[in-house]
Amino acid sequence: MFAVQMQGIVKRFGGLVANDGIDFELKVGEIHALLGENGAGKTTLMRILYGLYTPDEGEILIGGKPVRIHSPRDAIRAGIGMVTQHFTLVPTLTVAENITLGESGSLLDLQQIETKVEALSGRLGIPVKAGTPVGQLSVGEQQRVEILKALARHARVLILDEPTAVLVPQEVQALFEVLDRLRREGISVVFISHKLHEVMTVCDRVTVLRDGRAVGTVEKSQTTPSELARLMVGRETFGVHRQGERPSTGVLLRVEGLNVKSRKGAVGLHHLSFEVQAGEVLGVAGVSGNGQAELGEVLSGMLQPESGRIWVGTQEVTGASPAELTRAGVGRIPEDRHASLVGELSVADNLVLDQLEHFSRHGVLDRNAVRRNAERLIAEYQIKALPETPIRTLSGGNMQKVLLARSLSRNPLVVIASQPTRGLDVGATDYVRGRLLEQRARGAAVLLISEDLDEIFALADRIAVLFEGKLMGILNTREATVEQIGLMMAGTPLKRSSVKEADRG
Amino acid sequence: MEIFLVGWVAATLRVATPLIFGTLGELFSERSGVLNLGIEGTMFLGAFIGFTVASKSGSLWLGFFTAVLVGMLSGWLMALLAVRLGVNQHVAGLGMTLLWTGFSLFGFRLIFGEPKVPPSITPFQSLSILPDSTFLGPVINQHGLTYVAFLLIPLTGWVLHRTRFGLNVRAVGENPEAADAAGLDVYQIRTLALMIGGGLMAGGGAFLSLAQLGAFTYGIVAGRGWVCIALIIFANWRAVGVLWGALIFGGVAALQLRLQTMGLQLPYELFLALPYLVTILALIIAGRNASAPAALLKAYRRE
Ligand SMILES: Nc1ncnc2c1ncn2[C@@H]1O[C@H](COP(=O)(O)OP(=O)(O)O)[C@@H](O)[C@H]1O
Ligand SMILES: [Mg+2]
């Protein structure tokens, strides 16, 4: 008995085929993982089922009957609910108002709605505070509101798009318990993820997508993580890992008592102190929005600290501008690729954008030098583009290569990498990680700010955890466990004695 | 002194009336995420339609309601441009103001020609609840429409916060993606909000020609629409705030009229400018903590 059948789904975005004839079947009362690398087409497929995209070809059957789903309203009527990656909640409205949004009726009896919401949340074991504005809730709580919202409309099929990406390990556990309870109530769940161990923990069946195609559906009991990995990437994963420990040769980046005022809707930084040695990767872990972006901005001169001091090598750079930091030997791989490149300009121009003084004479750009530079870096960094190609036509992976080429070709003392592999495919991810480790081997100090714990564990020598703009502690990677990092990500500081040890190590 | 005070309060309420209509209209639009700069033109249109229908039919109320209806059509047109077609809201709004200003002037000349004495009608009379001679008489004996305007403030608050339609309006103004995902029709809700808004704006304009003046002149609206745009910010996009905003502006405007007649040796332009200066001041003070609907100015389009 199938809750949903999708047959031959095709979805194109311009020239790109995001879904290329996908078949997908969801049984009643199962938790079905949709597994695949970033860009495999998972979100697209489910947005089609929820009416947010219109497919170019293909059929959808609900309970065996063909249906046309043109909008979320149709999907809701067909018993489908979706929790999208970016939550679709109205921050100024209360939990109850958000949950009742879209229901029919003319008057709004908030009292009654709040009672109903609390009854439902009690029955499903999903605690929420019905009268609180959603904007004041934590991300994990907001996710629960999203799930309740779908269930309050009698969804029999619940789609969760990468639900664990925003959660700390403990919250993930709680989410899995909720999903278990839903399964017992006979609700079918589509669980989108690119994390193997999660899929192996919580799901009954797994459909693997690769490059817009479904490459297989397997029972969990009949498969292994390595088989799934092979299906996902089409080859055995090798992954990039840091090799061996390196003796320290001195501190290259030092931050002392850094404070940054909190801006609207963001946390500040509070009393941050740490050092990064030559030939070391310091990973900064944390749940999204706990000060990582601010740290990256301060260290690249985009944000002025309120107090505290920063040194690069022996030079103090507190309050320096981005250009001064570049001259002092800071290379940055910024979080927002698009904001750091000029889409309309060519690859060659973008490669010299922040060092025009080296490529001009008496204020006139030396076109030949710009071109030679581009040709050299395109070859060295395997960028799939010509010097004159406009940046905006490049894929995310190639844009990242341009950024890497621009900052790493100058052999910086300190590399600040913010979310360097976010949204990249496996190949590009491995490439970027390899380049960062090259910098480590060369003797640069690398600060790796990442929300991907696997990445941090694979690359970092030491791990610092940020929570609400405060440092929860720094651990040596070989002594750290995921559980412990998880606790710190949720706001439990590391005990003082071990902080000292890690600092010395 | 007491006479002065009573007269001042009475005038304040009268001056505030069209502002309340207009600002509440703009409130509906902006809470749904659409800045309607067509307000100045829509008020002008309301004044013109109201006057013309009333003078031709002899019924003031028919004039008023026709103006409201036409204002709703104007709101619908704004929705077509800014919501359905996703035209930049500044461009669409200013375009509407230019359109309705030209349209009304042209229509007026077409219907009434260019008479030496501007045509006039007997305007709405104030209610006589108390004898005019009693102390509070002038304050209480306002136009029926003034009472309507002041009742519309709590009514608007109630609609926005206690009805599903109001919840929907607030949701599409804050996060249309969320509203869409919740199964709401963002276009339809914004269109309705703009139509209600347009009706209210035109009603405010009609008050000017049908109650305040009994005539239609080129300068009848005189920037009141733009004042409403400022009052919204002052009101921090809340209905109760509209009350205070309209009273402050109305109060200062009524005061300057009185000051002018007291024969102070100051250029009269200074008095005329006074309400606007106070509005700017109030904006500077109140505007700092104002938080606009998050989706204001953003056209919504689903992929
Ligand atoms: N709205 C869109 N416009 C253009 N391209 C898109 C859009 N949504 C997704 N894509 C592209 O479609 C492909 C599949 O994306 P997506 O379904 O989000 O993958 P996944 O969820 O598996 O990471 C990607 O290459 C992505 O860039
Ligand atoms: Mg996705």
Side-chain angles (χ1 to χ4, degrees), chain A residues 11 13-14 18 43-44 47-48 50-54 69-78 80-94 96-111 113 133-135 142 145-146 149-150 152-153 155 159 161 264-265, chain B residues 27 30-33 83-84 154-193 196 232 235-239 241 287-296 298 300-303:
Chain A
K11 176 69 184 173
F13 294 108
T43 300
T44 303
R47 287 178 79 93
I48 288 172
Y50 193 57
L52 287 165
Y53 291 157
T54 321
I69 298 176
H70 295 293
S71 69
R73 184 198 289 261
D74 296 342
I76 291 164
R77 222 176 276 136
I80 297 167
M82 178 163 180
V83 179
T84 50
Q85 233 162 332
H86 301 283
F87 293 158
T88 48
L89 293 169
V90 185
T92 50
L93 301 184
T94 66
E97 284 176 321
N98 265 289
I99 289 178
T100 192
L101 194 66
E103 288 176 5
S104 57
S106 53
L107 292 190
L108 200 61
D109 185 349
L110 280 179
Q111 207 92 56
I113 294 164
V134 161
Q142 293 190 13
V145 176
E146 283 276 31
K149 194 169 90 178
R153 293 197 204 134
I159 306 164
D161 193 352
K264 213 175 159 192
Chain B
L27 183 65
E30 293 195 18
R31 282 309 285 257
S32 83
V83 179
R84 293 269 164 196
L155 184 67
T156 300
W158 181 81
V159 168
L160 282 176
H161 290 275
R162 288 288 173 267
T163 68
R164 282 211 174 264
F165 173 69
L167 177 67
N168 295 349
V169 168
R170 286 184 288 144
V172 298
E174 286 290 338
N175 188 346
E177 289 81 13
D180 188 15
L184 296 177
D185 186 337
V186 177
Y187 292 173
Q188 188 190 342
I189 293 163
R190 286 189 167 171
T191 303
L192 277 174
I196 294 175
I232 282 280
N236 200 9
W237 288 269
R238 304 184 71 84
R288 277 188 305 190
N289 299 321
S291 56
L296 190 64
K298 295 193 191 107
Y300 180 64
R301 200 149 286 318
R302 195 195 287 156
E303 318 259 350

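The chains referred to below are lettered A, B, ... by the order of the sequence lines, with proteins before strands, and numbering in each begins at 1.
Using a 4.5 Å cut-off between heavy atoms, R153(A) contacts chain B through its side chain alone, with no backbone atom that close. Contacts between I113(A) and chain B at a heavy-atom distance below 4.5 Å involve the side chain alone, from C-beta outward. Heavy-atom distances place both the backbone and the side chain of S71(A) under 4.5 Å from chain B. Within the 4.5 angstrom heavy-atom criterion, only side-chain atoms of I76(A), from C-beta onward, approach chain B.
Of the listed residues (D109(A), T84(A), D74(A), T100(A)), the greatest number of heavy-atom pairs within a distance under 4.5 Å of chain B belongs to T100(A).
With L167(B) as the fixed residue, the side chain to side chain contact (heavy atoms under 4.5 Å, CB included) test singles out one of L108(A), N98(A), V90(A): L108(A).
H86(A) places none of its side-chain heavy atoms less than 4.5 Å from the side chain of E177(B). Counting only heavy atoms from C-beta outward, the side chains of H161(B) and L110(A) never approach each other to under 4.5 Å.
In terms of heavy-atom proximity, E103(A) sits nearest to R164(B) at O-CD, 3.3 Å. Summarising the geometry of P72(A) relative to A181(B), their closest heavy-atom pair is CB-O, 3.6 Å, with the distance given to 0.1 Å.
For the atom pair CG (D180(B)) and CG (L52(A)), the distance works out to 6.5 Å, reported to the nearest 0.5 Å. Rounding to the nearest 0.5 angstrom, the gap separating the CZ atom in R73(A) from the CG atom in L184(B) is 7.0 Å.
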